There are 2 protein chains.
Amino acid sequence: MDNETSLRNERKRGSGVKVVYDILRDEILDLELPPGSPIDEVQLSERFGMSRTPIREALVRLAGEGLIDTLPNRSTMVSPIDFLNMHSYFDALVLMYRVTTQLAAKYHRPEDLEVVRALQAEFAAAVEAQDALAMISTNAALHLAIAEAGRNPYFTGLFTRLLNEGRRILRLYYQSYNDRLPRRFVEEHDEIIAAVAARDTELAERLAREHAEQIVSQVQKLLVRGDRLDIQL
Amino acid sequence: MDNETSLRNERKRGSGVKVVYDILRDEILDLELPPGSPIDEVQLSERFGMSRTPIREALVRLAGEGLIDTLPNRSTMVSPIDFLNMHSYFDALVLMYRVTTQLAAKYHRPEDLEVVRALQAEFAAAVEAQDALAMISTNAALHLAIAEAGRNPYFTGLFTRLLNEGRRILRLYYQSYNDRLPRRFVEEHDEIIAAVAARDTELAERLAREHAEQIVSQVQKLLVRGDRLDIQL
DNA sequence: TGCATATTTCTTGTCGACAAATTAAATACA
DNA sequence: TGTATTTAATTTGTCGACAAGAAATATGCA
(Lines give C-alpha, C1' and ligand atoms only; values in the text may rest on other atoms or scores of the structure.)
Protein backbone atom coordinates (compact mmCIF):
# COMPACT_ATOMS: atom_id res chain seq x y z
CA MET A 1 0.00 0.00 0.00
CA ASP A 2 2.18 2.83 -1.20
CA ASN A 3 -0.56 5.44 -0.97
CA GLU A 4 -0.12 5.13 2.77
CA THR A 5 3.61 5.69 2.79
CA SER A 6 3.23 8.54 0.35
CA LEU A 7 1.40 10.46 3.04
CA ARG A 8 4.65 10.63 4.94
CA ASN A 9 5.40 14.30 4.44
CA GLU A 10 1.91 15.74 4.34
CA ARG A 11 1.01 14.33 7.69
CA LYS A 12 0.05 16.60 10.52
CA ARG A 13 1.91 16.28 13.75
CA GLY A 14 0.05 13.96 16.11
CA SER A 15 -2.31 12.55 13.53
CA GLY A 16 -0.12 9.57 12.73
CA VAL A 17 -1.12 7.60 15.77
CA LYS A 18 -4.82 8.02 15.11
CA VAL A 19 -4.47 6.96 11.49
CA VAL A 20 -2.61 3.79 12.40
CA TYR A 21 -4.97 3.06 15.25
CA ASP A 22 -8.11 3.50 13.15
CA ILE A 23 -6.84 1.45 10.24
CA LEU A 24 -5.54 -1.41 12.35
CA ARG A 25 -8.70 -1.41 14.42
CA ASP A 26 -10.88 -1.74 11.36
CA GLU A 27 -8.66 -4.41 9.86
CA ILE A 28 -8.87 -6.41 13.07
CA LEU A 29 -12.65 -6.04 13.39
CA ASP A 30 -13.18 -6.89 9.73
CA LEU A 31 -10.99 -9.96 10.15
CA GLU A 32 -8.59 -8.74 7.47
CA LEU A 33 -6.16 -9.34 10.29
CA PRO A 34 -7.53 -12.64 11.61
CA PRO A 35 -7.15 -13.60 15.27
CA GLY A 36 -3.64 -14.80 15.97
CA SER A 37 -2.03 -12.75 13.20
CA PRO A 38 1.45 -11.57 14.17
CA ILE A 39 1.90 -7.82 14.48
CA ASP A 40 5.36 -6.64 13.48
CA GLU A 41 6.29 -3.11 14.44
CA VAL A 42 8.97 -2.55 11.80
CA GLN A 43 6.73 -3.93 9.13
CA LEU A 44 3.99 -1.53 10.14
CA SER A 45 6.41 1.38 10.34
CA GLU A 46 7.48 0.66 6.77
CA ARG A 47 3.91 0.29 5.62
CA PHE A 48 2.77 3.58 7.13
CA GLY A 49 5.99 5.42 6.42
CA MET A 50 6.66 6.50 9.96
CA SER A 51 8.94 5.52 12.79
CA ARG A 52 8.15 2.82 15.29
CA THR A 53 7.25 5.26 18.04
CA PRO A 54 3.76 6.26 16.83
CA ILE A 55 3.14 2.69 15.75
CA ARG A 56 3.87 1.48 19.24
CA GLU A 57 1.55 4.05 20.74
CA ALA A 58 -1.27 2.86 18.52
CA LEU A 59 -0.52 -0.72 19.52
CA VAL A 60 -0.60 0.16 23.21
CA ARG A 61 -4.04 1.61 22.73
CA LEU A 62 -5.27 -1.42 20.83
CA ALA A 63 -3.91 -3.62 23.57
CA GLY A 64 -5.79 -1.50 26.10
CA GLU A 65 -9.02 -2.37 24.35
CA GLY A 66 -8.15 -6.02 24.22
CA LEU A 67 -7.88 -6.14 20.45
CA ILE A 68 -4.27 -7.31 20.47
CA ASP A 69 -2.26 -9.35 22.94
CA THR A 70 1.31 -8.42 23.78
CA LEU A 71 3.79 -11.01 24.98
CA PRO A 72 6.63 -9.17 26.78
CA ASN A 73 9.83 -9.10 24.77
CA ARG A 74 8.18 -11.39 22.31
CA SER A 75 5.71 -11.15 19.52
CA THR A 76 2.40 -9.33 19.68
CA MET A 77 -0.63 -10.66 17.85
CA VAL A 78 -4.29 -10.06 17.17
CA SER A 79 -6.32 -11.32 20.13
CA PRO A 80 -8.01 -14.66 19.60
CA ILE A 81 -11.75 -14.87 19.92
CA ASP A 82 -12.58 -16.66 23.14
CA PHE A 83 -15.21 -19.17 22.15
CA LEU A 84 -14.99 -20.98 25.45
CA ASN A 85 -16.28 -18.07 27.52
CA MET A 86 -18.82 -16.95 24.99
CA HIS A 87 -21.67 -17.06 27.49
CA SER A 88 -19.98 -14.25 29.43
CA TYR A 89 -20.03 -12.24 26.28
CA PHE A 90 -23.68 -12.91 25.60
CA ASP A 91 -24.68 -12.11 29.16
CA ALA A 92 -22.94 -8.77 28.96
CA LEU A 93 -24.31 -8.03 25.50
CA VAL A 94 -27.91 -8.74 26.44
CA LEU A 95 -27.67 -6.67 29.58
CA MET A 96 -26.21 -3.71 27.70
CA TYR A 97 -28.91 -3.96 25.06
CA ARG A 98 -31.51 -3.80 27.82
CA VAL A 99 -30.05 -1.05 29.93
CA THR A 100 -28.99 1.28 27.14
CA THR A 101 -32.39 1.02 25.47
CA GLN A 102 -34.16 1.62 28.73
CA LEU A 103 -32.06 4.70 29.44
CA ALA A 104 -32.65 5.94 25.90
CA ALA A 105 -36.39 5.80 26.52
CA LYS A 106 -35.82 7.82 29.64
CA TYR A 107 -33.31 10.43 28.57
CA HIS A 108 -33.43 10.77 24.78
CA ARG A 109 -33.94 14.12 23.09
CA PRO A 110 -35.79 14.69 19.82
CA GLU A 111 -32.58 15.11 17.81
CA ASP A 112 -31.36 11.70 19.00
CA LEU A 113 -34.31 10.01 17.35
CA GLU A 114 -33.53 11.59 14.00
CA VAL A 115 -30.11 9.96 14.03
CA VAL A 116 -31.59 6.67 15.18
CA ARG A 117 -34.27 6.65 12.50
CA ALA A 118 -31.75 7.47 9.80
CA LEU A 119 -29.61 4.54 10.86
CA GLN A 120 -32.64 2.27 11.00
CA ALA A 121 -33.37 3.26 7.40
CA GLU A 122 -29.81 2.36 6.49
CA PHE A 123 -30.19 -0.98 8.22
CA ALA A 124 -33.45 -1.69 6.39
CA ALA A 125 -31.76 -0.82 3.11
CA ALA A 126 -28.89 -3.20 3.88
CA VAL A 127 -31.37 -5.96 4.65
CA GLU A 128 -33.25 -5.27 1.45
CA ALA A 129 -29.97 -5.39 -0.50
CA GLN A 130 -28.96 -8.62 1.27
CA ASP A 131 -25.68 -6.91 2.15
CA ALA A 132 -24.66 -8.85 5.25
CA LEU A 133 -21.60 -6.74 5.97
CA ALA A 134 -23.63 -3.54 5.84
CA MET A 135 -26.23 -5.18 8.08
CA ILE A 136 -23.64 -5.91 10.72
CA SER A 137 -22.16 -2.44 10.75
CA THR A 138 -25.42 -0.47 10.48
CA ASN A 139 -27.03 -2.64 13.14
CA ALA A 140 -24.16 -1.87 15.48
CA ALA A 141 -24.32 1.82 14.61
CA LEU A 142 -28.07 1.87 15.23
CA HIS A 143 -27.91 0.32 18.66
CA LEU A 144 -24.98 2.51 19.58
CA ALA A 145 -26.96 5.57 18.60
CA ILE A 146 -29.79 4.42 20.85
CA ALA A 147 -27.26 3.88 23.62
CA GLU A 148 -25.84 7.37 23.12
CA ALA A 149 -29.34 8.75 23.61
CA GLY A 150 -29.28 7.11 27.04
CA ARG A 151 -26.34 9.33 27.93
CA ASN A 152 -24.43 7.01 30.19
CA PRO A 153 -20.78 6.91 29.06
CA TYR A 154 -19.97 3.88 31.20
CA PHE A 155 -22.62 1.78 29.50
CA THR A 156 -21.97 3.11 26.02
CA GLY A 157 -18.27 2.44 26.50
CA LEU A 158 -18.80 -1.20 27.40
CA PHE A 159 -21.48 -1.59 24.76
CA THR A 160 -19.17 -0.22 22.08
CA ARG A 161 -16.57 -2.74 23.03
CA LEU A 162 -19.07 -5.58 23.01
CA LEU A 163 -20.49 -4.60 19.65
CA ASN A 164 -16.99 -4.47 18.23
CA GLU A 165 -16.29 -7.95 19.49
CA GLY A 166 -19.57 -8.98 17.94
CA ARG A 167 -18.51 -7.48 14.65
CA ARG A 168 -15.60 -9.90 14.62
CA ILE A 169 -17.76 -12.88 15.51
CA LEU A 170 -20.53 -12.11 13.06
CA ARG A 171 -17.98 -11.53 10.34
CA LEU A 172 -17.20 -15.21 10.62
CA TYR A 173 -20.74 -16.19 9.83
CA TYR A 174 -22.10 -13.48 7.66
CA GLN A 175 -22.71 -15.97 4.90
CA SER A 176 -25.41 -17.52 7.06
CA TYR A 177 -27.20 -14.22 7.19
CA ASN A 178 -29.17 -14.75 4.04
CA ASP A 179 -32.42 -16.12 5.36
CA ARG A 180 -35.44 -14.04 6.20
CA LEU A 181 -34.44 -13.47 9.79
CA PRO A 182 -33.04 -9.98 9.21
CA ARG A 183 -36.48 -8.75 8.15
CA ARG A 184 -37.72 -9.65 11.57
CA PHE A 185 -34.89 -7.57 13.02
CA VAL A 186 -36.12 -4.58 11.05
CA GLU A 187 -39.55 -4.94 12.55
CA GLU A 188 -38.15 -5.37 16.04
CA HIS A 189 -36.05 -2.26 15.57
CA ASP A 190 -39.13 -0.31 14.62
CA GLU A 191 -40.94 -1.49 17.73
CA ILE A 192 -37.99 -0.62 19.94
CA ILE A 193 -37.66 2.84 18.43
CA ALA A 194 -41.38 3.43 18.90
CA ALA A 195 -41.18 2.43 22.56
CA VAL A 196 -38.18 4.69 23.07
CA ALA A 197 -39.95 7.58 21.39
CA ALA A 198 -42.99 6.99 23.61
CA ARG A 199 -40.68 7.06 26.64
CA ASP A 200 -42.09 3.70 27.70
CA THR A 201 -39.04 2.48 29.60
CA GLU A 202 -40.49 -0.87 30.60
CA LEU A 203 -41.60 -1.77 27.11
CA ALA A 204 -38.36 -0.55 25.59
CA GLU A 205 -36.39 -2.67 28.02
CA ARG A 206 -38.49 -5.75 27.36
CA LEU A 207 -38.32 -5.40 23.59
CA ALA A 208 -34.58 -4.81 23.70
CA ARG A 209 -34.18 -7.90 25.82
CA GLU A 210 -36.19 -10.06 23.46
CA HIS A 211 -34.36 -8.59 20.49
CA ALA A 212 -30.99 -9.27 22.07
CA GLU A 213 -31.92 -12.81 23.06
CA GLN A 214 -33.18 -13.38 19.56
CA ILE A 215 -29.82 -12.35 18.15
CA VAL A 216 -27.87 -14.31 20.71
CA SER A 217 -29.74 -17.54 20.14
CA GLN A 218 -29.25 -17.07 16.42
CA VAL A 219 -25.52 -16.51 16.77
CA GLN A 220 -25.27 -19.45 19.14
CA LYS A 221 -26.80 -21.68 16.49
CA LEU A 222 -24.18 -20.45 14.07
CA LEU A 223 -21.43 -21.08 16.60
CA VAL A 224 -22.54 -24.65 17.18
CA ARG A 225 -22.57 -25.22 13.45
CA GLY A 226 -19.12 -23.67 13.28
CA ASP A 227 -17.77 -25.94 15.97
CA ARG A 228 -19.02 -28.96 14.05
CA LEU A 229 -17.15 -27.71 11.04
CA ASP A 230 -13.99 -27.56 13.18
CA ILE A 231 -13.35 -23.92 12.68
CA GLN A 232 -10.17 -23.07 14.52
CA LEU A 233 -9.00 -19.72 15.77
CA MET B 1 12.37 10.61 45.56
CA ASP B 2 15.84 9.39 44.85
CA ASN B 3 15.09 5.79 45.77
CA GLU B 4 13.10 5.68 42.56
CA THR B 5 15.88 7.00 40.35
CA SER B 6 18.35 4.73 42.10
CA LEU B 7 16.53 1.77 40.61
CA ARG B 8 17.73 2.91 37.23
CA ASN B 9 20.28 0.21 36.63
CA GLU B 10 18.67 -2.72 38.40
CA ARG B 11 15.50 -2.45 36.37
CA LYS B 12 14.41 -5.32 34.24
CA ARG B 13 13.68 -4.66 30.61
CA GLY B 14 9.99 -3.94 30.12
CA SER B 15 9.19 -3.49 33.78
CA GLY B 16 9.66 0.26 33.69
CA VAL B 17 6.31 0.97 32.11
CA LYS B 18 4.44 -1.12 34.64
CA VAL B 19 6.17 0.56 37.56
CA VAL B 20 5.37 4.04 36.31
CA TYR B 21 1.82 3.03 35.44
CA ASP B 22 1.13 1.46 38.83
CA ILE B 23 2.61 4.31 40.83
CA LEU B 24 0.87 7.05 38.87
CA ARG B 25 -2.39 5.15 38.97
CA ASP B 26 -2.27 4.85 42.73
CA GLU B 27 -1.29 8.47 43.15
CA ILE B 28 -4.21 9.56 41.01
CA LEU B 29 -6.71 7.33 42.79
CA ASP B 30 -5.43 8.37 46.21
CA LEU B 31 -5.71 12.01 45.16
CA GLU B 32 -2.02 12.59 45.79
CA LEU B 33 -2.28 13.86 42.25
CA PRO B 34 -5.54 15.78 42.49
CA PRO B 35 -7.82 16.18 39.47
CA GLY B 36 -6.46 18.82 37.14
CA SER B 37 -2.84 18.31 38.14
CA PRO B 38 -0.48 18.85 35.22
CA ILE B 39 1.50 15.82 34.08
CA ASP B 40 4.95 16.69 32.78
CA GLU B 41 6.78 13.99 30.87
CA VAL B 42 10.31 15.27 31.40
CA GLN B 43 9.65 15.77 35.08
CA LEU B 44 8.42 12.19 35.37
CA SER B 45 11.34 10.87 33.36
CA GLU B 46 13.72 12.59 35.79
CA ARG B 47 11.79 11.32 38.77
CA PHE B 48 11.78 7.71 37.63
CA GLY B 49 15.23 7.84 36.10
CA MET B 50 14.22 6.66 32.67
CA SER B 51 13.68 8.17 29.27
CA ARG B 52 10.42 9.70 28.13
CA THR B 53 9.49 6.71 25.99
CA PRO B 54 8.34 4.34 28.75
CA ILE B 55 6.78 7.28 30.59
CA ARG B 56 4.70 8.10 27.54
CA GLU B 57 3.58 4.52 27.19
CA ALA B 58 2.36 4.50 30.77
CA LEU B 59 0.54 7.78 30.14
CA VAL B 60 -1.16 6.36 27.07
CA ARG B 61 -2.44 3.47 29.14
CA LEU B 62 -3.70 5.79 31.86
CA ALA B 63 -5.43 7.91 29.22
CA GLY B 64 -7.05 4.75 27.87
CA GLU B 65 -8.65 4.18 31.25
CA GLY B 66 -9.79 7.77 31.48
CA LEU B 67 -7.56 8.60 34.41
CA ILE B 68 -5.73 11.37 32.59
CA ASP B 69 -6.78 13.71 29.79
CA THR B 70 -4.41 14.51 26.96
CA LEU B 71 -4.67 17.73 24.99
CA PRO B 72 -2.87 17.24 21.66
CA ASN B 73 0.42 19.09 21.50
CA ARG B 74 -0.46 20.64 24.79
CA SER B 75 -0.39 19.70 28.42
CA THR B 76 -1.82 16.50 29.83
CA MET B 77 -3.49 16.47 33.23
CA VAL B 78 -5.25 14.26 35.74
CA SER B 79 -8.87 13.85 34.68
CA PRO B 80 -11.34 15.94 36.61
CA ILE B 81 -14.13 14.21 38.50
CA ASP B 82 -17.35 14.80 36.63
CA PHE B 83 -19.79 15.83 39.32
CA LEU B 84 -22.38 16.93 36.80
CA ASN B 85 -22.96 13.47 35.37
CA MET B 86 -22.68 11.69 38.66
CA HIS B 87 -26.02 9.95 38.24
CA SER B 88 -24.60 8.05 35.25
CA TYR B 89 -21.88 6.83 37.51
CA PHE B 90 -24.28 5.73 40.22
CA ASP B 91 -26.54 3.96 37.74
CA ALA B 92 -23.62 2.00 36.39
CA LEU B 93 -22.25 1.26 39.84
CA VAL B 94 -25.53 -0.07 41.20
CA LEU B 95 -26.10 -2.23 38.17
CA MET B 96 -22.62 -3.73 38.40
CA TYR B 97 -23.08 -4.42 42.09
CA ARG B 98 -26.27 -6.28 41.28
CA VAL B 99 -25.13 -8.26 38.29
CA THR B 100 -21.72 -9.28 39.58
CA THR B 101 -23.17 -10.45 42.88
CA GLN B 102 -25.90 -12.36 41.10
CA LEU B 103 -23.38 -14.09 38.86
CA ALA B 104 -21.20 -14.85 41.87
CA ALA B 105 -24.12 -16.66 43.47
CA LYS B 106 -24.47 -18.64 40.27
CA TYR B 107 -20.91 -19.47 39.31
CA HIS B 108 -18.71 -19.19 42.41
CA ARG B 109 -16.46 -22.03 43.50
CA PRO B 110 -15.57 -22.88 47.08
CA GLU B 111 -12.11 -21.33 46.86
CA ASP B 112 -13.63 -18.01 45.78
CA LEU B 113 -15.51 -17.75 49.05
CA GLU B 114 -12.34 -18.18 51.06
CA VAL B 115 -10.88 -15.10 49.42
CA VAL B 116 -14.13 -13.19 49.84
CA ARG B 117 -14.43 -14.06 53.52
CA ALA B 118 -10.84 -13.08 54.18
CA LEU B 119 -11.44 -9.68 52.59
CA GLN B 120 -14.65 -9.26 54.55
CA ALA B 121 -12.64 -9.88 57.72
CA GLU B 122 -10.21 -7.20 56.61
CA PHE B 123 -13.05 -4.82 55.98
CA ALA B 124 -14.55 -5.51 59.38
CA ALA B 125 -11.18 -4.88 60.98
CA ALA B 126 -10.86 -1.57 59.13
CA VAL B 127 -14.30 -0.55 60.35
CA GLU B 128 -13.40 -1.55 63.88
CA ALA B 129 -10.20 0.48 63.66
CA GLN B 130 -12.10 3.45 62.19
CA ASP B 131 -9.56 3.45 59.36
CA ALA B 132 -11.56 5.11 56.59
CA LEU B 133 -8.88 4.68 53.94
CA ALA B 134 -8.60 0.99 54.67
CA MET B 135 -12.40 0.73 54.56
CA ILE B 136 -12.48 2.21 51.10
CA SER B 137 -9.81 -0.06 49.67
CA THR B 138 -10.88 -3.28 51.39
CA ASN B 139 -14.52 -2.65 50.48
CA ALA B 140 -13.52 -2.29 46.84
CA ALA B 141 -11.34 -5.38 47.05
CA LEU B 142 -14.15 -7.37 48.62
CA HIS B 143 -16.73 -6.53 46.00
CA LEU B 144 -14.22 -7.10 43.26
CA ALA B 145 -13.48 -10.54 44.67
CA ILE B 146 -17.19 -11.30 44.61
CA ALA B 147 -17.32 -10.08 41.04
CA GLU B 148 -14.38 -12.28 40.08
CA ALA B 149 -16.32 -15.25 41.41
CA GLY B 150 -19.01 -14.38 38.86
CA ARG B 151 -16.43 -14.99 36.12
CA ASN B 152 -17.56 -12.43 33.60
CA PRO B 153 -14.54 -10.37 32.52
CA TYR B 154 -16.68 -7.73 30.82
CA PHE B 155 -18.53 -6.96 34.01
CA THR B 156 -15.51 -7.21 36.27
CA GLY B 157 -13.64 -4.88 33.93
CA LEU B 158 -16.27 -2.18 34.08
CA PHE B 159 -16.78 -2.75 37.78
CA THR B 160 -13.07 -2.32 38.44
CA ARG B 161 -13.10 0.96 36.64
CA LEU B 162 -16.15 2.16 38.52
CA LEU B 163 -14.74 1.16 41.89
CA ASN B 164 -11.54 3.03 41.05
CA GLU B 165 -13.49 6.15 40.22
CA GLY B 166 -15.32 5.66 43.49
CA ARG B 167 -12.02 5.44 45.30
CA ARG B 168 -11.26 8.95 44.10
CA ILE B 169 -14.65 10.29 45.11
CA LEU B 170 -14.74 8.66 48.53
CA ARG B 171 -11.24 9.87 49.18
CA LEU B 172 -12.67 13.35 49.15
CA TYR B 173 -15.03 12.59 51.97
CA TYR B 174 -13.34 9.95 54.01
CA GLN B 175 -13.43 12.23 57.02
CA SER B 176 -17.20 11.87 57.02
CA TYR B 177 -16.88 8.13 57.36
CA ASN B 178 -16.70 8.11 61.11
CA ASP B 179 -20.29 7.48 62.05
CA ARG B 180 -21.74 4.09 62.71
CA LEU B 181 -22.86 3.50 59.15
CA PRO B 182 -19.91 1.28 58.21
CA ARG B 183 -21.00 -1.25 60.81
CA ARG B 184 -24.18 -1.67 58.89
CA PHE B 185 -22.09 -2.30 55.78
CA VAL B 186 -20.34 -5.13 57.58
CA GLU B 187 -23.68 -6.77 58.34
CA GLU B 188 -24.88 -6.27 54.79
CA HIS B 189 -21.70 -7.82 53.48
CA ASP B 190 -22.27 -10.84 55.67
CA GLU B 191 -25.79 -11.24 54.35
CA ILE B 192 -24.63 -10.91 50.76
CA ILE B 193 -21.87 -13.45 51.23
CA ALA B 194 -24.33 -15.85 52.84
CA ALA B 195 -26.73 -15.50 49.91
CA VAL B 196 -23.91 -16.06 47.44
CA ALA B 197 -22.72 -19.13 49.33
CA ALA B 198 -26.29 -20.49 49.34
CA ARG B 199 -26.41 -19.90 45.57
CA ASP B 200 -29.60 -17.88 46.03
CA THR B 201 -29.21 -15.65 43.00
CA GLU B 202 -32.39 -13.66 43.55
CA LEU B 203 -31.64 -12.87 47.16
CA ALA B 204 -28.01 -12.06 46.36
CA GLU B 205 -29.10 -9.68 43.65
CA ARG B 206 -31.64 -7.96 45.87
CA LEU B 207 -29.25 -7.58 48.79
CA ALA B 208 -26.53 -6.26 46.51
CA ARG B 209 -28.95 -3.77 45.07
CA GLU B 210 -30.03 -2.52 48.47
CA HIS B 211 -26.43 -2.39 49.61
CA ALA B 212 -25.40 -0.41 46.57
CA GLU B 213 -28.29 2.00 46.86
CA GLN B 214 -27.46 2.44 50.51
CA ILE B 215 -23.91 3.43 49.61
CA VAL B 216 -25.01 5.66 46.76
CA SER B 217 -27.52 7.60 48.82
CA GLN B 218 -24.88 8.04 51.48
CA VAL B 219 -22.31 9.32 49.02
CA GLN B 220 -24.90 11.59 47.47
CA LYS B 221 -25.50 13.16 50.86
CA LEU B 222 -21.79 13.77 51.15
CA LEU B 223 -21.70 15.26 47.68
CA VAL B 224 -24.47 17.71 48.47
CA ARG B 225 -22.67 18.69 51.64
CA GLY B 226 -19.48 19.06 49.65
CA ASP B 227 -21.14 21.35 47.15
CA ARG B 228 -22.31 23.56 49.99
CA LEU B 229 -18.75 23.76 51.20
CA ASP B 230 -17.77 24.98 47.74
CA ILE B 231 -15.33 22.23 47.07
CA GLN B 232 -13.90 22.88 43.64
CA LEU B 233 -12.35 20.39 41.29
C1' DT C 1 23.12 -39.60 14.69
C1' DG C 2 21.30 -37.29 18.84
C1' DC C 3 21.64 -33.88 22.22
C1' DA C 4 23.62 -29.95 24.59
C1' DT C 5 25.84 -25.69 24.02
C1' DA C 6 27.23 -21.62 21.55
C1' DT C 7 26.27 -18.26 18.01
C1' DT C 8 23.54 -15.64 15.09
C1' DT C 9 19.33 -13.41 13.89
C1' DC C 10 15.29 -11.13 14.82
C1' DT C 11 12.06 -8.39 17.53
C1' DT C 12 11.13 -5.53 21.16
C1' DG C 13 12.31 -1.94 24.83
C1' DT C 14 14.85 2.14 25.76
C1' DC C 15 17.50 6.09 24.83
C1' DG C 16 19.07 10.83 23.42
C1' DA C 17 18.26 14.21 20.05
C1' DC C 18 15.71 17.03 16.90
C1' DA C 19 11.53 19.35 15.03
C1' DA C 20 6.88 21.11 15.34
C1' DA C 21 3.26 23.24 18.02
C1' DT C 22 2.02 26.01 21.68
C1' DT C 23 2.60 29.21 25.40
C1' DA C 24 5.05 32.90 27.56
C1' DA C 25 7.81 36.84 27.16
C1' DA C 26 9.47 40.77 24.85
C1' DT C 27 9.29 44.32 21.70
C1' DA C 28 7.00 47.67 18.72
C1' DC C 29 3.46 50.69 17.89
C1' DA C 30 -0.71 53.62 18.52
C1' DT D 1 -0.58 52.75 28.90
C1' DG D 2 -2.69 49.23 26.32
C1' DT D 3 -2.66 46.29 22.43
C1' DA D 4 -0.72 43.84 18.53
C1' DT D 5 3.15 41.53 16.65
C1' DT D 6 7.47 39.18 17.00
C1' DT D 7 10.67 36.44 19.44
C1' DA D 8 12.10 33.20 22.86
C1' DA D 9 11.15 29.27 25.81
C1' DT D 10 8.77 25.20 26.96
C1' DT D 11 6.59 20.88 25.94
C1' DT D 12 5.07 17.44 23.04
C1' DG D 13 5.58 14.26 18.82
C1' DT D 14 8.72 11.86 15.98
C1' DC D 15 12.96 9.93 14.59
C1' DG D 16 17.08 6.84 14.09
C1' DA D 17 20.08 4.08 16.70
C1' DC D 18 21.51 0.93 20.19
C1' DA D 19 20.91 -2.79 23.61
C1' DA D 20 18.51 -6.70 25.74
C1' DG D 21 15.83 -10.79 25.42
C1' DA D 22 14.10 -14.66 22.95
C1' DA D 23 13.93 -17.67 18.97
C1' DA D 24 16.33 -19.80 15.28
C1' DT D 25 20.43 -21.60 13.61
C1' DA D 26 24.82 -23.50 13.81
C1' DT D 27 28.50 -25.84 16.16
C1' DG D 28 30.67 -29.23 19.28
C1' DC D 29 30.72 -33.54 21.47
C1' DA D 30 29.31 -38.23 22.77
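We name chains A, B, ... by the order of the sequence lines, and we start the count at 1 in each one. Quick caveat: nothing in here was measured; it's all calculated off a predicted structure.
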Scan A:Ile39 against the nucleic acid and name what it touches under 4.0 Å (heavy atoms): base, sugar-phosphate only, or nothing.
sugar-phosphate
Between protein and nucleotides 22-25 of chain C, what N or O pairs are separated by less than 3.5 Å?
residue : atom : partner : partner atom : Å
C:dT23  : OP1  : B:Arg74 : NE           : 3.4
C:dT23  : OP1  : B:Arg74 : NH1          : 3.2

Calculate the interatomic distance between B:Glu57 atom CD and D:dG13 atom P; express it in whole Å.
15 Å
What is the distance, to the nearest angstrom, from the CZ atom on A:Arg52 to the P atom on C:dC10?
15 Å
May I ask you to say what B:Glu41 touches in the nucleic acid, namely base, sugar-phosphate or nothing, with a heavy-atom cut-off under 4.0 Å?
sugar-phosphate
Aromatic plane relationship, B:His189 with B:Phe123 - under 30° parallel, 30 to 60° tilted, over 60° perpendicular
tilted
Flag the pair A:Met96 / B:Tyr154 as yes when at least one side-chain heavy-atom distance between them is below 4.5 Å, and no otherwise.
no
Upstream residue (5' side of DNA chain D) when A:Ser51 and B:Asp40 are each assigned their closest nucleotide:
B:Asp40
Do the side chains of B:Val20 and B:Met50 get nearer than 4.5 Å, heavy atoms only?
yes
Interatomic distance, A:Arg61 CZ vs D:dG13 P [rounded to whole Å]:
11 Å
Over all strands shown, is B:Ser75 touching base, sugar-phosphate only, or nothing at heavy-atom distances under 4.0 angstrom?
nothing
Nearest whole angstrom, please: distance from the P of D:dG13 to the CD1 of B:Ile55.
14 Å
Parallel, tilted or perpendicular: ring planes of A:His87 versus B:Tyr107, cut at 30 and 60 degrees:
tilted
To the nearest angstrom, the CG-C1' distance between A:Leu71 and C:dG13 comes to 15 Å
Is any side-chain heavy atom of A:Glu148 closer than 4.5 Å to a side-chain heavy atom of A:Val115?
no
Nearest-Å distance for atom pair CD/P, residues A:Glu46 and C:dC10
13 Å
The single option from A:Arg25, A:Arg168, A:Arg167 passing salt bridge (Lys or Arg N to Asp or Glu O under 4.0 Å) against A:Asp30:
A:Arg167
Quick check: does any side chain N or O of B:Arg171 sit under 3.5 Å from a backbone N or O of B:Ile169, one acting as donor and the other as acceptor?
no
Could you please name the option among C:dG13, D:dC15, C:dC15 that lies closest to any side-chain atom of B:Met50?
C:dC15
